[in-house]
Amino acid sequence: MVPEGLEVEIWSQAAQVLVGRQIATVRVDPRCGGVGAEVLGGALIEGVSRRAKTLIIDTDHGLLGVHFGMTGRLVIDGHSPITSLEYGSARDLADWDRCIIEMVDGGITRVNDPRRWSRYEIVVDDPAAVVCTAPMFGPFGPDALSITASQLGDALGQRRRALKACLLDQSCVAGLGNMCADEVLWRADLDPRRPVHLLSGDEIDHLAGVIASTLPEMLRAGGSHMGQISPGLRRVGALCPRDGYPLDVATVAGRTTVWCRGHQR
DNA sequence: CGGCATGTTTCGCC
DNA sequence: AGGCGAAACATGCC
């Protein structure tokens with residue numbers, strides 16, 4: 001799996017073991033941002049949380065925001081809660097460490113990212129002041145893991161784009177990636193190409209319910225690759241697990257999209 | 001070897 | 001203005 005909101009949630013939960021510990025040094029590959037990371041030296045970690053696909057490490061010296069890009073993986077004290085990344089690598093080369101946080105107690109937390117698309121932001125001012133300038137901190141729509149029907153209705157609002165484009169837009173709905181977007185649309189019987197302004201209120205309500213039930217289920221199952229539209233079905237010739245109809249594979253909203261013409265309308 | 005990749009931003013065009 | 005496609009990013013993998 002690639003880091004969608006679910007993966008960051010898994011890492012965020014695992015990273016709670018960092019709370020209460022003191023940072024010795026933080027080093028960031030300068031090609032990945034992280035300007036000013038040295039100010040976190042000696043800082044006490046007060047909390048770890050997730051916003052959309054961003055991991056936020058909160059310290060008494062400021063915040064460290066981490067966006068994992070497409071192949072970033074968090075390794076905490078030598079072990080990773082997610083060992084294999086779809087489109088990532090099974091290897092873990094020191095050359096691929098883009099951020100290394102050394103703790104005073106000797107522990108090391110790092111981001112190993114072959115493709116170097118992970119990004120880091122240090123926030124030492126009022127975080128609210130940075131929200132509008134650092135995209136990795138938002139603005140975000142309601143989080144998919146707990147979205148309600150009224151939140152989704154408001155988020156889609158008067159937009160006129162394809163439904164999938166809205167689901168992938170983090171300022172509309174936060175946390176969904178390409179794989180989870182296909183999964184929830186498949187489960188909700190909705191065509192990813194449908195213009196959102198043509199959805200009925202009932203369809204929006206239904207979709208919200210599907211999102212809010214499917215994501216926690218996939219989280220428990222292990223992440224964004226654990227849906228019914230598994231990675232192996234993302235190819236021409238695969239059959240819909242529900243009705244056996246040949247799945248469609250095409251580009252929608254600029255992304256590879258898989259759906260079933262048989263039951264998604 | 002060529003092409004593809006599950007994230008995001010930017011840019012040009014309609 | 002808003003939406004869309006394409007390109008760019010960088011590199012491993014099939």
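Side chains are part of it too, since the values below use all heavy atoms of this structure and drop only hydrogens, waters and symmetry mates. Convention: sequence-line order gives letters A, B, ...; per-chain numbering from 1.
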Worksheet, complete the sentence: Leu55(A) atom CG is separated from dG7(B) atom C1', nearest whole Å, by 16 Å
Worksheet item: What pairs with Asp189(A) under side chain to side chain contact (heavy atoms under 4.5 Å, CB included), at least two apart in sequence or on another chain?
Response: Arg242(A), His263(A)
Fill in: Partner residues of Ser146(A) under the side-chain hydrogen bond (donor to acceptor under 3.5 Å, both in side chains) criterion, sequence neighbours left out
none
Discussion item. If I take atom CG in residue Asn112(A) and atom P in nucleotide dT11(C), what distance separates them, rounded to the nearest angstrom?
Written reply: 13 Å
Practice prompt. Verify, without hydrogens or angle tests, whether Glu4(A) (side chain) and Met179(A) (backbone) share a donor-acceptor contact under 3.5 angstrom.
Written response: yes
Worksheet item: Does the pair Arg51(A)/Asp143(A) count as a salt bridge with the N-to-O cut at 4.0 Å?
Response: no
Discussion item. Looking only at side-chain N and O atoms, does Asp202(A) offer a donor or acceptor that is under 3.5 Å from a partner on Ser200(A)?
Written reply: no
Between N or O atoms, less than 3.5 Å apart, protein on one side and nucleotides 3-6 of chain C on the other: list the pairs.
unit_1 : atom_1 : unit_2    : atom_2 : d
dG3(C) : OP1    : Arg160(A) : N      : 3.4
dC4(C) : OP1    : Ala162(A) : N      : 3.4
dC4(C) : OP2    : Arg161(A) : NE     : 2.6
dC4(C) : OP2    : Arg161(A) : NH2    : 3.4

Item to complete: Could you list all the salt bridge (charged side-chain N to carboxylate O under 4.0 Å, His left out) pairs where at least one residue sits in residues 97-107 of chain A, not counting sequence neighbours?
Response: Arg21(A)-Asp105(A), Arg27(A)-Glu102(A), Asp29(A)-Arg98(A), Asp97(A)-Arg110(A)
Item to complete: Determine whether Trp186(A) and Val173(A) fall in the same hydrophobic cluster, where Ile, Leu, Val, Met, Phe, Trp and Tyr are linked whenever their side-chain heavy atoms lie under 4.5 Å apart.
Response: no
Worksheet item: Do we see Trp117(A) stacking on the base of dG7(B), given a limit of 5.5 Å between centres and 30° between planes?
Response: yes
Discussion item. I want to check one thing: is the phosphate of dC4(B), taken as OP1 and OP2, less than 4.0 Å away from some side-chain N or O of Thr256(A)?
Written reply: no
Discussion item. Just the rounded figure in Å: distance from P of dA5(B) to NE2 of His225(A).
Written reply: 19 Å
Worksheet item: Any side-chain heavy atom of Trp259(A) within less than 4.5 Å of one from Asp191(A)?
Response: yes
Item to complete: For Glu183(A), check side-chain hydrogen bond (donor to acceptor under 3.5 Å, both in side chains) against everything at least two apart and list the hits.
Response: Arg187(A)
Worksheet, complete the sentence: His197(A) NE2 to dG2(C) P, in whole Å, measures 15 Å
Item to complete: Check the distance between dA10(C)'s P and Met70(A)'s CE and give it to me in whole angstrom.
Response: 14 Å
Worksheet item: On a whole-Å scale, what distance lies between the P atoms belonging to dT9(B) and dG12(C)?
Response: 24 Å
Fill in: Spacing between Arg115(A) atom CZ and dC13(C) atom C1', to the nearest angstrom
11 Å
Worksheet item: Counting only side-chain N and O atoms of Trp96(A), is one of them less than 4.0 Å from OP1 or OP2 of dG12(C)?
Response: yes
Just the table, please: protein N/O against nucleotides 11-14 of chain B N/O, every pair under 3.5 Å.
none

Quick one: which protein N/O atoms are closer than 3.5 Å to N/O atoms of nucleotides 8-10 of chain B? Pair and distance per line, please.
unit_1 : atom_1 : unit_2   : atom_2 : d
dT8(B) : OP1    : His67(A) : NE2    : 2.6
dT8(B) : OP2    : Lys53(A) : NZ     : 2.7

Worksheet item: Of all residues at least two apart in sequence or in a different chain, which pass the ring-ring contact (aromatic ring centres under 6.0 Å, His included) check with His197(A)?
Response: none
Between side-chain atoms of residues 205-212 of chain A and protein atoms elsewhere (two or more places apart, or another chain), which donor-acceptor pairs fall under 3.5 Å?
none

Would you tabulate the side-chain donor-acceptor contacts of residues 249-258 of chain A under 3.5 Å, counting partners in other chains and residues two or more places apart, or write 'none'?
unit_1    : atom_1 : unit_2    : atom_2 : d
Thr257(A) : OG1    : Lys164(A) : NZ     : 2.8
Thr257(A) : OG1    : Arg255(A) : O      : 2.9

Practice prompt. Examine dC13(C): is either OP1 or OP2 under 4.0 Å from a nitrogen or oxygen in the side chain of Arg91(A)? Give yes or no.
Written response: yes
Worksheet item: Based on Watson-Crick and G-U pairs with both distances under 3.5 Å, what dot-bracket line describes DNA chain B 5' to 3', crossing pairs as [ ] and inter-strand pairs as |?
Response: .||||.||||||||
Worksheet item: Could you give all pairs that pass the salt bridge (charged side-chain N to carboxylate O under 4.0 Å, His left out) test and reach residues 35-44 of chain A, with sequence neighbours left out?
Response: none
Discussion item. Using whole Å, what does the distance between atom P of nucleotide dA5(B) and atom CZ of Arg73(A) come to?
Written reply: 21 Å
Worksheet entry | Given Val28(A), Val35(A), Leu63(A), Val39(A), the one that forms side chain to side chain contact (heavy atoms under 4.5 Å, CB included) with Ile122(A) | Val39(A)
Discussion item. Using whole Å, what does the distance between atom C1' of nucleotide dA10(C) and atom CG of Leu93(A) come to?
Written reply: 15 Å
Item to complete: Determine: side-chain N/O of Arg116(A) to OP1/OP2 of dA10(C), distance under 4.0 Å, yes or no.
Response: yes
